[in-house]
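To start, the structure under review is shown below, and the notes come after it.
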Amino acid sequence: MRRLDEVTEVVLAPNPSPLTLEGTNTYLLGEPGTGEVVVVDPGPDLLAHRENLEAAVAGRDARVVAVVVTHAHADHAEAAGWACDWGVEVAAFTPALVGVEAAPLHDADRIARAGVTLEVLHTPGHSSDHVCLRVSETGAVLTGDHVLGRGTSVVAWPDGDMAAYLGSLRRLAGCGATALYPGHGPVRQDPAGTVAGYLAHRQQREEQIIDALTAGDATPGEVVTRVYAGTDPALHPAAERSVRAHLAKLVDDGRVVAVGTTGGRERFRVR
Ligand SMILES: [Zn+2]
């Protein structure tokens, strides 16, 4: 458990991997003295994580009053069922995607609990149901998998959508964040620079994909082999989903054409 500001602590889940970095960050939010905390992204359903989380809550002399998930991916929401044991409600943008009964969140909702106010920003792209949560009292934004503490995020096609992702990055840039608290990795203290870097990275990838198709690549897998040559091969399946998301956007933009399927693999060329 680590304190980030006057109302926020983070508990790191023991699920490290190339995609989850050091593990999932589970956030506890609450004004000290209220005896209440909101849990954001309970994380993976691992006993050691639950014990650490419950110890952190007890250490604040508090009880959990609500659970919110940024999106339904298992590394963020698998443990949503703990809310039932705690006797509280889970809130998610798309309740049907969470494995337990949940209340729906809507864009611009304000969740006022435990002496803090969380403003809901629907930020589709990484996944269709993704939300960021802006803490009114501090200006920090909990970014889930929209922006990570290190490196870049995956746009998990087909649920993920590149055009939506870029729009959601611009929205994050405009929300006046004082810091970004990601779902994985360390805090980002330079929100404007971070988001600008993410937008530039996506623009660069798009041009690299055009170059790869121009050089004769046709399938997403071929593009990944060329464009992600310097990246850990363990990340290539995730990279292929992002590339596929880029290709869908480029088709919509009229720069690339889908030319059918060979051996079960979709093929693309520049227009
Ligand atoms: Zn995710």
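First listed ligand is number 1; within each ligand, the first listed atom is number 1.
Remark: of the listed residues Val135, Ile111, Leu142, Leu28, Leu142 is the sole one forming a side-chain contact (heavy atoms from CB on, under 4.5 Å) with Val40.
Taking the ring centroids of His146 and Tyr198, they lie at or beyond the 6.0 Å cut-off. Taking the six-membered ring for Trp and the full ring otherwise, His71 and Phe93 have centroids separated by 6.0 Å or more.
Listed by chain and number, the protein atoms of type N/O/S under 2.8 Å from the Zn ion (ligand 1) are His71 NE2, His73 ND1, His126 NE2, Asp145 OD2; waters are omitted.
Residues Cys132 and His130 form a side-chain contact, since some pair of their non-hydrogen atoms from C-beta on lies under 4.5 Å apart.
In this structure, Arg244 is positioned above the aromatic face of Trp157, its NZ or CZ under 6.0 Å from the six-membered ring centre and within 45° of the axis.
Relative ring orientation between His76 and His184 is described as perpendicular, the plane-to-plane angle rising above 60° on a 0-90° scale split at 30° and 60°.
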